[in-house]
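Notes to accompany the following structure.
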Number of protein chains: 2
Amino acid sequence: MAKTKNENTEQQILEAAKKVFQLKGMDGARMQEIADEAGINKAMLHYYYRSKQLLFEAVFSHAFAMMAPQLNQILNDDSSIEEKIRHFTHDHLSFIMEHPYLPKFIIQELNRNPDFVTNMKTKTGFPSIEKFKIQVAAEVKQGILKPIAGEQLFINILALNIFPIIASPMIKAFIRADDEGYTQLLESRKTEVANFIINAIKA
Amino acid sequence: MAKTKNENTEQQILEAAKKVFQLKGMDGARMQEIADEAGINKAMLHYYYRSKQLLFEAVFSHAFAMMAPQLNQILNDDSSIEEKIRHFTHDHLSFIMEHPYLPKFIIQELNRNPDFVTNMKTKTGFPSIEKFKIQVAAEVKQGILKPIAGEQLFINILALNIFPIIASPMIKAFIRADDEGYTQLLESRKTEVANFIINAIKA
DNA sequence: GTTTGGTTTAACCAAATGGTTAACAAAGGT
DNA sequence: ACCTTTGTTAACCATTTGGTTAAACCAAAC
């Protein structure tokens, strides 16, 4: 059997599909463009992935799988809330600065088809917020933190980290920054966001 | 001239286009669907708006025009930073809770075509952050606020308000809330977000 | 060296898409 | 009454879209 090229091709298709889907979204992506990007015939896409929908789901799952472990870091780690916040904001912002299309893509496509999240929840490794909520409640009771619900704190952390990435074109316009200036602004946030949050919640 | 229906029709088209474009985005929207939604013939869309692109731009401008005044409230009002934050977070979150598709739509389409923001910047009424920056610097110097750059504070305010709306499907999944539970969570944020921010920055 | 079975290609297809056209209807102005 | 302008419709059009097919290709098994 001819196996020389095949493992390669399937991977090449996935890489090309990631590129195109994450840049243009499901609706804006064209199978022909993915084929061109992969340097192969359009029929090959269907040979390996049957349909646009299935190829898209492969890409989406892959993208989601890259984000999930990051979240588990803050949700299920054993350090204190303050330590978690300092580590997570820094690491996570560094990560999405290098993959800005990941959160854009996931959030956009989840808005397009909210039912999609149902599939995700069944998958193993889907982040659970339970432990984090208990920990926050405990530290509030101990007087370490000002009263706050774990959900709200979690949302705030994500918001402060992710929003500047997904809304970058709009924010760039507001603050009149070029790409370099904006990168520098984000660079500052790697430490400033943690200070901001901790000031907000520390008793 | 036949005017009986016309003023009506053009508006009906715009309303239908808003609905469809804001729900599905430029790429996902179909001219036929907009025509159906408006209860008219597809040719009428082109009669009044020439092309999909121009109809889309009409919708986008309209959407942006609804958001801009809200931002000018926090950027150019004359009250103190603390007062601004309390008023803005409450009013703005109330507003986007009633129009959740507005920020989703604007951010999604700005990511699809970042050059689009250039057109917006030239329009009158495009929010400027200058006054806000000066005010923040002044209050920091007076010792009212902890040191923070105006841009960063502005980003944080927007992030805490807007992110929970645009990422709602994802967050709903994380915190395992149904629609009602999520609405309640957002309802709390109308006052909690202001407290959070003010705790973070007040000296 | 021929068979074998996965791989790759070019040509093809039906459906959908944005857009156009030509005819028609309604309304005013003269 | 007649003509012009504006609004509306149904039929049509070229192109693009995701998807299919049948034949060619090619490395290995026999």
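Letters go in sequence order (proteins before strands), and every chain restarts at 1. Note that this is a predicted model, so its numbers are computed, not measured.
- When the P atom of C/dT8 is taken as reference, atom CD of A/Glu10 falls 10 Å away, rounded to whole Å.
- Here B/Thr9 does not reach the OP1 or OP2 of D/dG7: none of its side-chain N or O atoms lies under 4.0 Å away.
- Atom C1' of nucleotide D/dC25 and atom CE of A/Met44 are separated by 12 Å, given to the nearest angstrom.
- Note: CG (B/Asp36) to C1' (C/dA16) measures 14 Å, nearest angstrom.
- Between B/Phe21 and B/Phe105, the distance separating the two ring centers is not shorter than 6.0 angstrom.
- Cation-pi check for A/Arg112 over A/Phe60 is not met; the charged atom does not lie both under 6.0 angstrom from the ring centroid and within 45 degrees of its normal.
- Atom OH of B/Tyr47 and atom P of D/dT5 are 12 Å apart (whole Å).
- Heavy-atom distances under 4.0 Å link DNA chain D to A/Ala29, A/Arg30, A/Met31 of residues 18-32 of chain A, given in residue order.
- Between B/Lys172 and B/Asp179 there is a salt bridge, since at least one side-chain N of the basic residue sits less than 4.0 Å from a carboxylate O of the acidic one.
- Taking every heavy atom of residues 50-58 of chain A and every atom of DNA chain D, pairs under 4.0 Å involve A/Ser51, A/Lys52, by number.
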Passes salt bridge (charged side-chain N to carboxylate O under 4.0 Å, His left out), A/Glu192 versus A/Arg189? Steps please. CA-CA 5 Å; A/Glu192 275 193 35; A/Arg189 291 183 73 82; over 6 Å; no

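- Checking C/dA10, C/dG19, C/dT8 against the side-chain heavy atoms of A/Asn41 singles out C/dA10 as nearest.
- For the pair B/His46 NE2 and C/dT21 P, the interatomic distance rounds to 12 Å; values are reported in whole Å.
- At a threshold of 4.0 Å, the pair B/Asp78-B/Lys131 counts as salt-bridged, since one of the basic side-chain nitrogens sits closer than that to a carboxylate oxygen.
- Aromatic ring centroids of A/Phe56 and A/Tyr49 lie 6.0 Å or more apart.
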Scan the side chains in residues 35-42 of chain B for donor-acceptor partners under 3.5 Å anywhere in the protein, sequence neighbours excluded, and list what turns up.
residue, atom, partner, partner atom, Å
B/Asp36, OD1, B/Gln32, NE2, 2.9
B/Glu37, OE2, B/Lys19, NZ, 2.9
B/Asn41, OD1, B/Ala43, N, 2.8

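- The environment of OH in A/Tyr101 is sparse: at most 12 heavy-atom neighbours from other residues, nucleotides or ligands sit within 6.0 Å.
- Counted by atom type alone, A/Arg86 and A/Asn195 present one or more donor-acceptor pairs between their side chains at under 3.5 Å.
- Whole-Å rounding puts the B/Ile13 CD1 to D/dT8 C1' distance at 11 Å.
- Between the C1' atom of C/dA16 and the CD atom of B/Glu33 lies a distance of 13 Å, rounded to the nearest Å.
- A straight line from CG of B/Asn8 to P of D/dG7 spans 13 Å, rounded to a whole angstrom.
- Sequence order on DNA chain D of the closest nucleotides to B/Lys42 and B/Gly39 puts B/Gly39 first from the 5' end.
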